[in-house]
Student: 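Before anything else, here's the structure in question.
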Amino acid sequence: MEKNIKEDYFTIDQKQMARFAKALGHPVRIAILELLDTQSCCYHGDMAEELPIAKSTLSQHLNELKDAGLIQGDITPPTVKYCINKENWLLAKKLFISFLK
């Protein structure tokens with residue numbers, strides 16, 4: 001099987017930082033993370049009241065952050081509670097600090 005040279009060129013840290021950066025690439029997602037950073041967790045409905053966007057749009061942004069591993073959700077129907085994924089949040093900080101120094 002032939003190796004994918006382009007894929008092998010990039011380090012795991014570079015790929016992870018790019019994934020985090022993509023998730024951070026929208027002001028709504030930054031606002032969500034800032035909101036979650038001020039409290040231990042927050043319900044989807046509460047965030048919908050705080051942010052000037054539709055609930056469906058909020059859900060799409062939450063999914064992007066969750067897919068990137070920056071947040072995690074606790075689904076207890078009919079509510080969904082989100083928190084920052086502390087392990088990945090620390091990793092993101094470490095990677096960006098290292099990159100930006």
Side-chain angles (χ1 to χ4, degrees):
M1 183 176 266
E2 186 178 318
K3 277 186 161 185
N4 184 343
I5 295 171
K6 289 180 183 178
E7 190 67 25
D8 290 343
Y9 180 80
F10 304 104
T11 68
I12 291 170
D13 285 350
Q14 288 170 328
K15 293 174 190 176
Q16 183 64 65
M17 188 168 41
R19 181 64 185 107
F20 289 151
K22 179 183 176 200
L24 295 170
H26 195 287
V28 169
R29 294 185 208 132
I30 300 295
I32 290 168
L33 288 168
E34 288 175 340
L35 179 63
L36 290 174
D37 196 39
T38 64
Q39 47 200 296
S40 60
C41 290
C42 189
Y43 288 98
H44 180 277
D46 294 338
M47 281 190 268
E49 291 177 13
E50 290 281 326
L51 300 168
I53 57 173
K55 286 184 181 181
S56 60
T57 304
L58 174 61
S59 293
Q60 291 172 344
H61 287 294
L62 288 167
N63 283 333
E64 183 68 32
L65 291 169
K66 191 173 177 186
D67 289 346
L70 292 172
I71 65 171
Q72 53 198 19
D74 180 23
I75 301 169
T76 310
T79 61
V80 182
K81 180 172 60 174
Y82 290 96
C83 311
I84 287 182
N85 180 324
K86 293 182 189 299
E87 182 180 330
N88 283 343
W89 188 240
L90 290 173
L91 174 61
K93 286 181 182 180
K94 178 185 148 205
L95 289 171
F96 285 109
I97 287 169
S98 176
F99 176 70
L100 295 172
K101 66 177 177 174

Student: Distance-only criterion, 3.5 Å: show the donor-acceptor pairs between side-chain atoms of residues 76-85 and protein atoms not counting sequence neighbours.
Tutor:
{"residue": "Thr79", "atom": "OG1", "partner": "Thr76", "partner atom": "O", "Å": "3.0"}
{"residue": "Asn85", "atom": "OD1", "partner": "Glu87", "partner atom": "N", "Å": "3.3"}
{"residue": "Asn85", "atom": "OD1", "partner": "Asn88", "partner atom": "N", "Å": "3.2"}
{"residue": "Asn85", "atom": "ND2", "partner": "Gly69", "partner atom": "O", "Å": "3.4"}

Student: Grouping I, L, V, M, F, W and Y whenever their side-chain heavy atoms are under 4.5 Å apart, do Ile75 and Tyr43 come out in a common cluster?
Tutor: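 Different clusters: Ile75 never reaches Tyr43 through Ile, Leu, Val, Met, Phe, Trp or Tyr contacts under 4.5 Å.
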Student: Run the side chain to side chain contact (heavy atoms under 4.5 Å, CB included) test against Lys94 and tell me which residues pass, sequence neighbours left out.
Tutor: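 Lys94: no side chain to side chain contact (heavy atoms under 4.5 Å, CB included) contacts found.
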Student: Is there a continuous path of hydrophobic side-chain contacts, each under 4.5 Å between heavy atoms, that joins Leu24 to Phe99?
Tutor: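 Yes; Phe99 is reachable from Leu24 via cluster members.
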Student: Any side-chain hydrogen bond (donor to acceptor under 3.5 Å, both in side chains) pairs touching residues 51-64, not counting sequence neighbours?
Tutor: Arg19-Glu64, Arg29-His61, His44-Ser59
Student: Could you tell me which non-hydrogen atom of Ala23 sits nearest to which non-hydrogen atom of Leu65, and how far apart they are?
Tutor: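 In this case the closest contact between Ala23 and Leu65 is O-CD2, 3.8 Å.
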Student: If I compare all heavy atoms of Phe20 with all of Ala92, which pair ends up nearest, and what's the gap?
Tutor: CD1-CB, 3.5 Å
Student: Linking I/L/V/M/F/W/Y whenever any side-chain heavy atoms sit under 4.5 Å apart, do Phe96 and Leu70 land together?
Tutor: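 Hydrophobic grouping puts Phe96 with Leu70.
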Student: Locate the shortest heavy-atom distance separating Leu51 from Ala31; write the atom from each residue and the value.
Tutor: CD2-CB, 3.9 Å
Student: Would you call Trp89 and Leu36 a side-chain contact if the rule is heavy atoms closer than 4.5 Å?
Tutor: no
Student: Only counting residues at least two apart or in another chain, list the ones meeting side chain to side chain contact (heavy atoms under 4.5 Å, CB included) with Glu34.
Tutor: Ile30
Student: Applying salt bridge (Lys or Arg N to Asp or Glu O under 4.0 Å), which residue pairs with at least one partner in residues 37-54 are found, sequence neighbours left out?
Tutor: none
Student: Only counting residues at least two apart or in another chain, list the ones meeting side chain to side chain donor-acceptor pair (under 3.5 Å) with Lys22.
Tutor: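 If we apply the side chain to side chain donor-acceptor pair (under 3.5 Å) test to Lys22, skipping adjacent residues, there are no hits.
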Student: Looking at Leu35 and Met47, what are the two nearest heavy atoms and their distance?
Tutor: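 For Leu35 and Met47, the tightest heavy-atom pair comes out as CD2-CG, 3.4 Å.
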